Protein chains: 2
Amino acid sequence: MARSAVPTRDRIISAANALFYNDGIRGVSVDAVAEKAGVTKRTLYYHFKSKDDLVAAYLANRDQPNLALFRQWFSDARGGLPAKVEAIFRNLARSARHPKWKGCGFLRTSAELANMPGHPAIRIGAAHKKKFEGWLCATFEAEGIAEPLRLARQILLLLDGSFAVVLLHRDPSYMETAGEAASSLTAAAMARRRSRH
Amino acid sequence: MARSAVPTRDRIISAANALFYNDGIRGVSVDAVAEKAGVTKRTLYYHFKSKDDLVAAYLANRDQPNLALFRQWFSDARGGLPAKVEAIFRNLARSARHPKWKGCGFLRTSAELANMPGHPAIRIGAAHKKKFEGWLCATFEAEGIAEPLRLARQILLLLDGSFAVVLLHRDPSYMETAGEAASSLTAAAMARRRSRH
DNA sequence: TTGTGTATATTCACTGGTTAGTATACATAG
DNA sequence: CTATGTATACTAACCAGTGAATATACACAA
């Protein structure tokens, strides 16, 4: 049945991931994905009912590992909350220096498919960002920060701004600048918490 | 000669603007642009040597009006520097509530063509953002703010983050949150200026 | 005024290639 | 012998770009 140890469906998703992330959705044909996965197009259409379905699977597959990475960057960092927040941006800058880096797959897909608001891939992207926002918010809340959601959203804005700006200018130092802003906003929010106790 | 008062070339750019902004670059065929402009495809190729050339013209055409709008929002606002900065975000949120709004054309194009780093359209987008950053920086410098470039970049990050996040979630309130962050970072930078004098 | 050449502007019709998706048949396992 | 999975071969539409011809405007000579 399977040509190798990894199931056909997973190989297709893996091929889709490499191609869609690199060249965008409309820049990659279903034939190209099938060829990269080592299957015929007909086999691909056995596992996915349409290209849109495949795109959704591509993003759904990025959700968990992506979030896990951010959480790990955060928890591995030394220092207080501002330093831990800043560490996310520093690690992101390091990723962005790899030549194959092409920004955030969720944001790039949502930008490309902006004229299809209800597209499954966009819903998956939105859910992904909400999960990250929710995790940040819960973390801040546990630290007793006032208006944790507001701070979480401001950091998310800086993060997604980093993706966009660094993709445009190809200058990862913007991520460090964003990290400083995030750190400073976090420190200010912590000061507001302390001042009330 | 001309079918109407406005030159053919301008009508083509105008059609390209409407279609590319709405549906993305690869989502729009040259035939579609020609049809919308009321010319044949061959005429379009008389005025533009390729689709890439047309895309570049589409963005080049957005550069000046876009910057002028931001400057006007800033200068029309009442209050101190933080309030003027925040006004940009408030006005942007108002724009984003229009149903035809689809984020930033420069960022969306750079996201879609991320696998073509030297593409003329991306260069035009990068230059556009640098112009905005430069204007912000000069404004802050004139106000005697310490490290004006740093603040300018942080605000740019919040702004471009707004575009990305609001496009994904279709929730313009993120822009007001970004405006608060920008205002707060600006106020902090002004305090640093004052504290040294 | 009239004819004529030339650059500009536009059209029709076409090409070679690509695309998403499918009809049909074949294989293999339980 | 039936459900799952894979392959060959196809369709109908679309797409970027082009060849060849035509129309228009205008400068200038007769």
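In what follows, chains carry the letters A, B, and so on, assigned in the order in which the sequence lines appear, proteins first and then strands, with residues in each chain numbered from 1. Just so it is clear, the model here is predicted, and its values are computed rather than measured.
Under the ring pair (Phe, Tyr, Trp, His ring centres under 6.0 Å) criterion, no residue pair touches residues 22-43 of chain B, with sequence neighbours excluded.
Considering only residues two or more places apart in sequence or on other chains, A:Lys102 meets the side-chain hydrogen bond (donor to acceptor under 3.5 Å, both in side chains) condition with A:Asn22. By the side-chain contact (heavy atoms from CB on, under 4.5 Å) test, B:Arg9 is found to be paired with B:Ile13, B:His47, B:Phe48, residues two or more places apart in sequence or in another chain being considered. The side-chain contact (heavy atoms from CB on, under 4.5 Å) search around B:Leu67 returns B:Asp63, B:Arg71, B:His128, B:Lys131, B:Phe132, not counting sequence neighbours.
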Quick one: side chains of residues 82-91 of chain A, donor-acceptor pairs under 3.5 Å with protein atoms, not counting sequence neighbours, listed by atom name and distance.
| from | atom 1 | to | atom 2 | distance (Å) |
| --- | --- | --- | --- | --- |
| A:Lys84 | NZ | A:Phe74 | O | 3.2 |
| A:Lys84 | NZ | A:Ser75 | O | 3.4 |
| A:Lys84 | NZ | A:Ala77 | O | 3.3 |
| A:Glu86 | OE1 | A:Ser183 | OG | 3.4 |
| A:Asn91 | OD1 | A:Arg94 | NH2 | 2.6 |
| A:Asn91 | ND2 | A:Ala87 | O | 2.8 |

Could you give the side-chain donor-acceptor pairs of residues 157-169 of chain B under 3.5 Å, partners two or more places apart or in another chain?
| from | atom 1 | to | atom 2 | distance (Å) |
| --- | --- | --- | --- | --- |
| B:Asp160 | OD1 | B:Lys129 | NZ | 2.9 |
| B:Ser162 | OG | B:Leu158 | O | 2.8 |

Contacts table for residues 175-182 of chain A: side-chain donor-acceptor under 3.5 angstrom, sequence neighbours left out:
| from | atom 1 | to | atom 2 | distance (Å) |
| --- | --- | --- | --- | --- |
| A:Glu176 | OE2 | A:Arg97 | NH2 | 3.1 |
| A:Thr177 | OG1 | A:Ser173 | O | 3.3 |
| A:Glu180 | OE1 | B:Arg150 | NH1 | 2.2 |

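Residues from residues 23-34 of chain A with heavy atoms under 4.0 angstrom of DNA chain D: there are none. Interface residues of residues 40-56 of chain A facing DNA chain C, ordered by number: A:Lys41, A:Arg42, A:Tyr45, A:Ser50, A:Lys51; criterion, heavy-atom separation under 4.0 Å.
Taking the ring centre of A:Tyr21 as origin, the terminal cationic atom of A:Arg62 falls inside the region bounded by 6.0 Å and 45° from the ring axis.
For the OP1/OP2 pair of C:dT10 and a distance below 4.0 Å, the side-chain nitrogens and oxygens of B:Thr8 include at least one atom meeting the criterion.
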